[in-house]
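Counting convention: from 1, in listed order, for ligands and their atoms alike.
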Amino acid sequence: MEDLFVKEEIEELRKQIAHHNELYYKKTQPEISDYEFDQLIKHFQYLEEKYPQYKIEESPTEKVGSDLAERAKIIPHKVRMYSLENAYSLEEVKSFLNKIAEKVGCFPKVSLEHKIDGFGINIFYDRGILQYATTRGDGFEGEVVTENVKTIKSISHQIKYKNPVEVRGEIFLPLKEFERINIEREKNEEKLFANPRNAAAGTIKIKDSTIVAGRNLNSIIYSVGFLENDLVQTQVQLLKFLKDNDFRVNEFTEFVSSFKDIEKYCNLWDKNRSELEVDIDGIVIKIDDFSLQKELGFTAKSPKWSIAYKFKAEEKETQLIDVKFQVGRTGAVTPVAKLKPVFISGSTVSNATLHNEDEIKRLDLKLGDFVTIIKSGEIIPKIIKVNHEKRPVDAQDIKFPTTCPVCDTVLKKEEDGAITYCNNINCPAQVQRRIQHFASREAVDIEGLGEVAVKQLLENDMISRIEDIYHIEFDKFQTLDRQGTKSAENLKAAIENSKTQKFHKLLFGLGIRFVGSRTSKILTNHFFDIEEMKNASYEDFLEIEEIGEKIAQSVYDFFRNEESLQTIQKLKEAGLNFYSEKIEKVNLLDGQKFLITGTLENYSRNEIKEEIEKYGGNIISAVSKNLDYLIVGPNPGSKVKKAQKIGTVKIISEEEFLEMIGK
Ligand code: AMP
Ligand code: ZN
């Protein structure tokens, strides 16, 4: 593009953005959708980054950046946020580290950090200014909570470090604050928070940040996502870097190089944790040396260079009063234990899951039995054992129903599994849960369409299937109990907005058995249009890495079901997009093989690999006759010569590569 045009385009975009911002914020009457606005900003930022000479002094991107953040609500992490592998005994920790020791020849130096039971956060700074803060979300992208995070005093709005960096840590509510807030809530007859963790998680998502400011959240920062800085090569250096930039780091962190010291630290804090200002539920052990971290890598879920030693969960004894049977959206019938309420790990518990019929048998459980329950973190309380000696003489057998407790259909046990199903696709319990699932945050995210509203709509015959959501009569809706014009308007807008959701969220929302959020992403990365999925054979699904027989069969069957096909058709007619945007782009590289030498300007090695794969190409490990393209950056190695010798390898610059993928 000619430079002159670029300059004009940037100026034009700047005007447009200002105009739309004004409409959005001041007049609250936007003319374009959030998605379109998002695209506008993305394009603008891209141009500004590419042509920094046209950036104006009082940089609007900073403002724009945070506007984007607040409006888009979701931002992808630059570097994925992983979870941690748990160890429930020190033995496990030992064998985890011994394996690493064997590999490297000596016991590795590790950091020992408190595992704070708060709320994980990702904060992005650029040019020394806090740009946005996001939740961990699904690890790939998180919800924007910038304004609320800015109210936290221990988090600086400006830092010394000027290059882009994602800092990560934990937001928490100090125990004292938690108690103070609950006392206040009790006075105001508001619902109490179950525990400090929930209170922190709830607070961070409140829309009105003045309320958040009044709650005195605090933070401890312990890691980074994106950071390109040669001075930070170990966890020791990282903590120093964070401290130098005025973040609050944990004063109790220690560095040791023997298992004995780890054991000592873990036991010490297990014993003394109640003296801390904040709940901790374990100790996080991390390999100090980043190059070793890199070498060890990641599993699908967590780093292989870190492990969380979890303190033993509290156990309590209580009595089983009753068992209720719940029908889920797939028709699975789950027994739920009703317990005499007990206070455990910071909250009162009166329900526990029993999974299935076999679990009841395994435990040898009867009504009236005394049971031991545990609760750890977010996991629903679980019955771990029955005190058979205390069994009351009149203890009754638990009868698993033979027909659905909601629609009376005869229940069937799955051939190989332990789960019992109600196979009536129109079972009201299933319909309700299916619709709720479709509207849930992980799916198409329709705020205001939770359990209460869905039940109401079903009871008033206003909907009976997922697709009916798009034909709700709002005139009628606003006359329902507890609803009104405001809630009708909000729901309408939320439903409208759901039409722009991404393909993988839609697919997940359809509630195909065994297709969770992650599987849905895998599927939509493979098929870019639902039509392709419809036409795919069982074997086609099976061929996809990470898709096993059970999932393949389930997805295949789903597309053979008339009802499902009808739902998809109707949703399409309502304007939902069952395809990915990648559609035209993705095969641009069409299986061609790439290799890189030298340093690239726009990508790290990992990023270019991802980019190439995203567009359908592959990276291979060495120059050979199979190589199609060698991308050459400054300071290339011997690969160039080798490639020239072969003669068929195309040697290209980074610029030329970008052109290939249309950037
Ligand atoms: P989990 O959610 O059980 O997989 O545990 C992983 C989470 O622990 C991370 O996402 C963090 O939010 C949290 N966490 C708390 N303290 C630390 C710490 N010192 N280092 C790493 N993660 C921590
Ligand atoms: Zn039923």
Would you tell me which option among Tyr222, Phe119, Phe172, Tyr82 has the nearest heavy-atom contact to atom 11 (C) of ligand 1?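 Nearest heavy atom to atom 11 (C) of ligand 1 lies in Tyr222.
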
Nearest heavy atom to atom 13 (C) of ligand 1 wins, so pick from His114, Glu170, Gln235, Lys310.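 Looking at heavy atoms only, Glu170 sits closest to atom 13 (C) of ligand 1.
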
Check each atom of ligand 1 against the heavy atoms of [X] and keep those under 4.0 Å away; list them by number with element.
{"X": "Ser83", "value": "4 (O)"}
{"X": "Glu113", "value": "18 (C), 19 (N), 20 (N)"}
{"X": "Arg136", "value": "2 (O), 6 (C), 9 (C), 10 (O)"}

Give the residue and atom name of whichever protein heavy atom lies nearest to atom 16 (N) of ligand 1, and the separation in Å to one decimal.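 So the nearest neighbour among protein heavy atoms is Ile116 N, 3.1 Å.
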
Ion pair check, Lys94 and Glu263, cut-off under 4.0 Å: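 Salt bridge: no.
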
Check for me whether Lys286 has a heavy atom closer than 4.0 Å to any atom of ligand 1.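 The answer is yes: ligand 1 sits under 4.0 Å from a heavy atom of Lys286.
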
List the steps and the verdict of side chain to side chain contact (heavy atoms under 4.5 Å, CB included) for Glu141 and Thr134. CA-CA 8 Å; Glu141 52 186 27; Thr134 47; over 6 Å; no

Are the aromatic ring centres of His437 and Phe508 under 6.0 angstrom apart?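 Under 6.0 Å, so yes.
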
Between Phe290 and Trp305, ring centroids under 6.0 Å: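 No.
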
Leaving waters out, which protein N, O or S atoms fall under 2.8 Å from the Zn ion (ligand 2)?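 N, O, S partners closer than 2.8 Å: Cys404 SG, Cys407 SG, Cys422 SG, Cys427 SG.
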
I need the contact type for Leu84 against ligand 1. Using non-hydrogen atoms and a strict under-4.0 Å cut-off, is it side chain, backbone, both or neither?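 For Leu84, backbone and side-chain atoms both sit under 4.0 Å from ligand 1.
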
Once you restrict to heavy atoms under 4.0 Å, what part of Lys115 touches ligand 1? Side chain, backbone, both or neither.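 Both of them.
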
Considering residues at least two apart in sequence or located in another chain, which fulfil the ring pair (Phe, Tyr, Trp, His ring centres under 6.0 Å) criterion with Phe241?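 Expected list: Tyr161.
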
Under 6.0 Å from the NZ atom of Lys99, do we count more than 12 heavy atoms belonging to anything else shown?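 For Lys99, atom NZ is not crowded (no more than 12 foreign heavy atoms under 6.0 Å).
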
Find out whether the Lys NZ or Arg CZ of Arg560 is both under 6.0 angstrom from the six-membered ring centre of Phe558 and within 45° of the ring's axis.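 So Arg560 doesn't make the cation-pi contact.
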
Under 3.5 Å, is there a donor-acceptor pair linking the side chains of Tyr125 and Gln131?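 Distance-only check fails for Tyr125 and Gln131.
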
Ignoring hydrogens and geometry beyond distance, is a side-chain donor-acceptor pair present between Asp557 and Ser554 at under 3.5 Å?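 There is no such pair (donor and acceptor under 3.5 Å, judged by atom type) between the side chains of Asp557 and Ser554.
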
So, taking the atom named CG in Leu457 and the one named CD in Gln432, what distance separates them when rounded to the nearest 0.5 Å?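 Leu457 CG to Gln432 CD: 11.0 Å, rounded to 0.5 Å.
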
